[in-house]
Amino acid sequence: MTATLFTVTFAVAAPFWALMILLPRWSWTARIIASPLIVLPVVVIYAVLVLPAFGEVLPAVASPTLDGVRDLLGTADGAAAGWAHMVAFDLFVGRWAWLDSRERGVPALVMGPVLVLTILLGPLGLAAYLAVRPRWRRPVTDPPRLG
């Protein structure tokens, strides 16, 4: 079951990445990606992997040591859970960057590589977006008039 969950983890996230990268201007992309629930399938996989081993996982993460984390991730269940953890957070970060980039008017040709980097090397993708983000300012809206 662990190998199947490992394989399914990215498969359930991939369609959302494809929408953001390949169809960024499609109206349905914005509607779908607007929901933070897009990460829910991966979160469920993570829960299925972690909750049965909660007694072993909690001590390893509550008071982490290099050896303890290595031992936890060095099992098939631990590696699959670690993978689900990364995929869930990378998707959430990619979603945030994509939504923020739409508000700022960051071109899709800039965001495509940033999102691919986020898929492959999550924190470096976030760093890349944070580096390009200041180039495009969020539009200033006039304050509402009273009376």
Side-chain angles (χ1 to χ4, degrees), residues 2-51 53-54 56-143:
T2 300
T4 301
L5 290 174
F6 177 86
T7 302
V8 169
T9 297
F10 187 74
V12 298
F16 304 114
W17 288 110
L19 287 172
M20 291 186 287
I21 295 167
L22 301 175
L23 298 170
R25 289 186 173 73
W26 187 40
S27 64
W28 277 95
T29 299
R31 290 178 187 156
I32 292 166
I33 302 304
S35 174
L37 297 178
I38 65 172
V39 300
L40 193 56
V42 181
V43 171
V44 169
I45 292 169
Y46 178 77
V48 167
L49 290 163
V50 168
L51 292 178
F54 194 70
E56 300 161 38
V57 172
L58 185 60
V61 297
S63 184
T65 65
L66 181 58
D67 289 342
V69 172
R70 182 198 62 221
D71 292 345
L72 182 67
L73 297 177
T75 66
D77 287 342
W83 179 243
H85 185 281
M86 287 184 276
V87 170
F89 276 92
D90 290 352
L91 181 57
F92 195 80
V93 167
R95 174 190 170 271
W96 168 78
W98 187 83
L99 291 170
D100 186 70
S101 73
R102 302 258 308 167
E103 287 180 20
R104 293 171 177 274
V106 179
L109 288 175
V110 171
M111 284 309 296
V114 167
L115 292 171
V116 170
L117 188 57
T118 305
I119 293 168
L120 299 176
L121 300 167
L124 296 180
L126 174 60
Y129 182 64
L130 293 175
V132 301
R133 183 177 188 252
R135 166 78 170 77
W136 291 273
R137 301 272 182 229
R138 189 174 276 147
V140 178
T141 58
D142 294 330

To check you understand the geometry: which heavy-atom pair defines the closest contact between [X] and [Y], and what is its length?
X: Val50; Y: Ala81; answer: CG2-CB, 3.8 Å
X: Ala88; Y: Val39; answer: O-CG1, 3.8 Å
X: Val12; Y: Pro41; answer: CG2-CB, 3.9 Å
X: Leu72; Y: Thr75; answer: O-OG1, 3.3 Å
X: Pro64; Y: Val69; answer: CB-CG2, 4.0 Å
X: Leu115; Y: Gly94; answer: CD2-O, 3.6 Å

Rounded to the nearest 0.5 Å, what separation is found between the [atom1] atom of [X] and the [atom2] atom of [Y]?
X: Phe54; Y: Leu51; atom1: CZ; atom2: CG; value: 7.5 Å
X: Leu91; Y: Leu40; atom1: CG; atom2: CG; value: 11.0 Å
X: Met111; Y: Arg133; atom1: CE; atom2: CZ; value: 10.5 Å
X: Leu19; Y: Ile33; atom1: CG; atom2: CD1; value: 5.5 Å
X: Phe16; Y: Ile119; atom1: CZ; atom2: CD1; value: 13.0 Å
X: Leu49; Y: Thr9; atom1: CG; atom2: OG1; value: 6.5 Å

Item checked: side chain to side chain contact (heavy atoms under 4.5 Å, CB included) between Val93 and Tyr129, intermediate numbers included -> CA-CA 10 Å; Val93 167; Tyr129 182 64; over 6 Å; no
Check: Donor-acceptor pair, Arg102 side chain versus Pro24 backbone, under 3.5 Å?
Finding: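 Answer holds: yes.
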Item checked: Donor-acceptor contact below 3.5 Å, side chain Ser63 vs main chain Pro59 ->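 Not confirmed, Ser63 side chain does not pair with Pro59 backbone.
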Notebook entry, point to check: Are Arg31 and Trp28 in a cation-pi contact, defined as NZ or CZ under 6.0 Å from the six-membered ring centre and within 45° of the axis?
Noted result: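 That pair qualifies as a cation-pi contact.
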Notebook entry, point to check: Does the cation-pi check pass for Arg95 over Phe92, that is, NZ or CZ under 6.0 Å from the six-membered ring centre and within 45° of its axis?
Noted result: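 Yes, Arg95 lies over the aromatic ring of Phe92.
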Check: Taking C-beta and beyond as the side chain, do Trp98 and Thr29 meet within less than 4.5 Å on heavy atoms?
Finding: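 Yes, at least one pair of side-chain atoms sits under 4.5 Å.
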Check: Using 30° and 60° as the class limits, which term best fits the ring planes of Phe10 and Trp83: parallel, tilted or perpendicular?
Finding: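 Plane angle between 30° and 60°, so tilted.
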Check: Run the side chain to side chain donor-acceptor pair (under 3.5 Å) check on Asp90 and Thr118 step by step: do they pass?
Finding: CA-CA 6 Å; Asp90 290 352; Thr118 305; over 6 Å; no
Next item on the list: Answer yes or no: does atom CZ of Arg137 have more than 12 heavy-atom neighbours from other residues, nucleotides or ligands under 6.0 Å?
Entry: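 Check fails, neighbour count at 12 or below.
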Note to self: With a sphere of 6.0 Å drawn around CG of Leu37, does it hold more than 12 non-hydrogen atoms of other residues, nucleotides or ligands?
What the structure shows: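 Above 12, so yes.
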